[in-house]
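This report concerns only the one structure given below.
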Amino acid sequence: MRILAIETTCDETGASVLENKTIKSNIIFSQVALHKKYSGVVPELASRAHMENISLVISEALKKAKLLPGKRRKFPRFDAVAFSRGPGLPGALLVGRVAAETMAKFCGAALIGVNNLEGHFLSPMINRKKIEDRFKYPLLGLVVSGGHTELWLSKSAGKYNLLGSTRDDAAGEAFDKVAKLINLGYPGGPVIEQWAQKGSRDLKFPRPFMEGNFEFSFSGLKTAVAYYLRDNCRRELSAREKADICFSFQNAVTDTLVYKTLFAMEKTGVYSVSAGGGVMANAFLKERLLRAVLSRGGKVYFCDKKYASDNAAMIAVAAWMRLQNGRFRSNIDIAPRLKIESWQ
Ligand code: KG4
């Protein structure tokens, strides 16, 4: 089984080749440098950058997988060309769809539309470069990215129920906004994690637990940081202040994600958790979640750090799951606000 996958939902242009359960290539062109000066992703710039880079990224993925056609050679054969059909930025998604459809036509392959969030949910199946069929269903999913924070219940492959999502900001978005408040640059997650390691005083920012449901809310936490800065800090923050704010903010986000995951385990009786998405690159969060889940007798599958942020390898895995289950057809319309959907 050979799959070419394309990812263009936000600010990463990605292409990956999956063959015989092995990720042969996973090329990611990050647009971070382009969006940095705006402290966030500018949709129009993102679409243009995808357009400029997509063919090069695909060629690199084919080259690395030793599939680049020579002057007279035919296009390589693929069983499917998959692409992220949403959720994401409309213009960015269009670029991925057109590229995938063109490749599918030339390669005589099925065109498969994949939900980017399903890719994050399944990304822990990639162990080093191999797909490992290690998920034990039923399974909870904690998907934490720049645009989404969601808890899912998956009873079997391709069957998904949304338990809860964020009412306002996603966790990654909160990292980015808090980093902006304290002038740490973009994206906020990695730099806040670094500063947090030097912090020690917990400033006790609120934990948005919202008892009794599976929903999240991070905008109040971001506002609490803004009020703390207004009421307690001078214009120029000292290194100690920065470190303590990052430490306290990261603690509050982590406590909330861990609390909700344990609550979902208790309420559903499902003790296996798959955790993916850009924020899952955070070592502190992983460590705390792991300890909490293990202490309840549960099991957690984490994605490798390199598969945490948007990438095409996880899209290839989601397509592979469908093909394994005989699903060679899927919805191929782009859907910027796509919700999780079952395909089984
Ligand atoms: O999955 P992703 O690429 O999704 C979207 O583009 O929506 O995730 C990007 C998000 C950003 O908000 C970024 O700040 C966050 O993941 N992130 C982190 C870390 N690395 C990336 N958040 C916390 N700690 C990190 N180490």
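In listed order, ligands and their atoms are each counted from 1. Excluded from the calculations below are hydrogen atoms, water molecules and symmetry mates; all remaining heavy atoms, backbone and side chain alike, are included. All of these numbers come straight from a predicted model, not from anything done at the bench.
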For a quick test of reading the model, state the closest non-hydrogen atom pair linking A264 to L163 and the distance between them.
CB-CD1, 4.2 Å
Atoms in ligand 1 with a heavy atom of [X] nearer than 4.0 Å:
X	value
A308	1 (O)
G146	4 (O), 5 (C), 7 (O), 8 (O), 9 (C), 10 (C), 12 (O)
H120	1 (O)
G188	14 (O)
G147	7 (O)
S309	1 (O), 3 (O)
E193	25 (C), 26 (N)

Is there a nitrogen or oxygen of [X] sitting under 3.5 Å from a nitrogen or oxygen of ligand 1?
X	result
C10	no
G172	yes
D310	yes
P187	no
G189	yes

S219 and D169: side-chain donor and acceptor closer than 3.5 Å?
no
Between E7 and N116, a side-chain donor and acceptor under 3.5 Å:
yes
For a side-chain hydrogen bond (donor to acceptor under 3.5 Å, both in side chains) check, start with the C-alpha distance between K260 and N213, then their side-chain angles and the critical distance, and finish with the verdict.
CA-CA 8 Å; K260 289 285 177 175; N213 62 46; 3.1 Å; yes
Nearest non-hydrogen atom to atom 17 (N) of ligand 1 belongs to which of A283, G40, G278, G88?
G278
Under 3.5 Å: donor-acceptor pair, side chain of K129, backbone of K24:
no
Would you say the ring centers of [X] and [Y] fall short of 6.0 Å from each other?
X	Y	value
F249	F205	no
F263	F209	no
Y38	Y186	no

Test side-chain hydrogen bond (donor to acceptor under 3.5 Å, both in side chains) applied to T22 and K130, step by step
CA-CA 5 Å; T22 306; K130 286 269 177 205; 2.8 Å; yes
H148 near ligand 1, heavy-atom distance under 4.0 Å?
no
Is A179 near ligand 1, meaning one of its heavy atoms is under 4.0 Å from it?
no
